[in-house]
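One structure is given here, and the rest of the page talks about it.
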Amino acid sequence: MLVYPSSIDLSSRTLRHLSRQLAARQRQIGTRWRRLPAGRQALLVLGHLRCGDTYAQLAAGFGIGIATVFRYIREAVEVLAALAPTLTEAMETIRTKAFVILDGTLLPIDRIAADTPYYSGRHKRHGMNVQVLTDPFGRLLWASPALPGTTHDLTAARSHGIIDALAAAGLKCWADKAYQGAGHLVRVPFRGRQLKGWRRRHNGTHAKIRCLGEQAMATLKGWRLLRKLRCSTNRITDIVKAVLVLHNASS
């Protein structure tokens, strides 16, 4: 296999952050020697998460075995996922905001047509449903555990406790039409294609606010691995949490 130099569109601060976490992990478990030091392992992990490089590509580029690549990536993802804020911890930050933006996305997965629970009729593809909370400026604050793609956004938000947490905090939230019925604190646009008068103006203003949440979602999917996940669905939650931690470390 041919090997060539490449680049990752992340700051060195992200690499240093991950390197420190991996070095701390190695000290904790008493690691004496590895094929790659913490800095090189961090670079390998970023290549996988940010660029979507496969295990075989990374194994050839770093001169190690595919099984070793798998272990290194899994270890790093677990370390990062443990640093991700829970909803309760995120609410401490959210309470200081004027409002938040709630949005859901479908992360595509590699599945066959027989995997019905993962098929989203809305998106016409298999995937995992992830709910995201952002601040008024579109900065990512929290990402939920991944649920099968058949899960409706409002059902997912309720099952994760997002609606109850926002109601308990008395915090206003902007969301799209999928969240109608979530309560008076969750602001959603009016339904209909031929709205007139103040309803149309309301929807226009609502869209301008909520579009920042869409931008945050696009930023999340800037991590190319999330554009088509080919791993076990049981690992997707940790991967999303790991990406959130790295994203916040780089911003």
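Bear in mind that the values here come from a model prediction, so they are computed numbers and not experimental data. Throughout, numbering of the chain's residues begins at 1 and tracks the sequence.
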[X] side chain near [Y] side chain, heavy-atom distance below 4.5 Å:
X: T233; Y: Y118; value: yes
X: E75; Y: I29; value: yes
X: M91; Y: T86; value: no

How long is the gap from [atom1] on [X] to [atom2] on [Y], to the nearest 0.5 Å?
X: I236; Y: L229; atom1: CD1; atom2: CG; result: 4.5 Å
X: L15; Y: I8; atom1: CG; atom2: CD1; result: 8.0 Å
X: E92; Y: R95; atom1: CD; atom2: CZ; result: 5.0 Å
X: L87; Y: L133; atom1: CG; atom2: CG; result: 7.0 Å
X: R50; Y: L10; atom1: CZ; atom2: CG; result: 4.5 Å
X: C231; Y: I73; atom1: SG; atom2: CD1; result: 10.5 Å

Ion pair K241/E78, N-O distance below 4.0 Å: no
How far apart are the C-alpha atoms of I162 and R158, what are their side-chain angles, what is the distance that settles it, and do they pass the side chain to side chain contact (heavy atoms under 4.5 Å, CB included) test? CA-CA 6 Å; I162 301 172; R158 283 174 171 162; over 6 Å; no
Aromatic contact between H126 and Y119, with the criterion being ring centroids under 6.0 Å apart: yes or no? yes
Would you say the rings of H206 and F190 are close, in the sense that their centroids are separated by under 6.0 Å? no
Any donor-acceptor pair under 3.5 Å linking the side chain of [X] with the backbone of [Y]?
X: H152; Y: L154; result: yes
X: S250; Y: T14; result: no
X: T155; Y: T151; result: no
X: S232; Y: N234; result: yes
X: T150; Y: P117; result: yes
X: Q57; Y: T54; result: yes

Derivation of the side chain to side chain contact (heavy atoms under 4.5 Å, CB included) call for F62 and T68: CA-CA 10 Å; F62 285 84; T68 304; over 6 Å; no
Do the side chains of [X] and [Y] join up, straight or via other hydrophobic residues, at under 4.5 Å, putting them in one cluster?
X: L244; Y: L141; answer: no
X: L225; Y: Y72; answer: yes
X: I239; Y: L80; answer: yes
X: L185; Y: I94; answer: no
X: L166; Y: W142; answer: yes

Residue from R71, R25, R34 passing side chain to side chain donor-acceptor pair (under 3.5 Å) with Q41: R34
For the residue pair D153 and Q131, confirm or rule out a side-chain donor-acceptor distance under 3.5 Å. yes
State whether a side-chain donor-acceptor pair under 3.5 Å links R16 with S12. yes
Evaluate whether atom NZ of K221 has more than 12 neighbouring non-hydrogen atoms of other residues, nucleotides or ligands under 6.0 angstrom away. yes
Answer yes or no: are there more than 12 heavy-atom neighbours, outside R125 itself, under 6.0 Å from its atom CZ? no
Could you pull out the closest heavy-atom pair between [X] and [Y], with the gap in Å?
X: A175; Y: V186; answer: CB-CG1, 3.9 Å
X: P148; Y: N129; answer: O-CB, 4.0 Å
X: L83; Y: V245; answer: C-CG2, 3.9 Å
X: H48; Y: D53; answer: ND1-O, 2.8 Å
X: A38; Y: L22; answer: O-CD1, 3.9 Å
X: L246; Y: W223; answer: CB-CH2, 3.6 Å

Apply side chain to side chain contact (heavy atoms under 4.5 Å, CB included) to the pair L140 and V132, showing each step before the final yes or no. CA-CA 7 Å; L140 289 167; V132 170; 3.2 Å; yes
Begin with the C-alpha distance, continue with both residues' side-chain angles, and end with the deciding distance and a verdict on side chain to side chain contact (heavy atoms under 4.5 Å, CB included) for V240 and M128. CA-CA 11 Å; V240 172; M128 299 292 285; over 6 Å; no
Mutual orientation of the aromatic rings belonging to F99 and W174 [parallel < 30°, tilted 30-60°, perpendicular > 60°]: tilted
Does the salt bridge (charged side-chain N to carboxylate O under 4.0 Å, His left out) test come out yes or no for D176 and R187, once each step is laid out? CA-CA 8 Å; D176 61 24; R187 307 292 181 85; over 6 Å; no
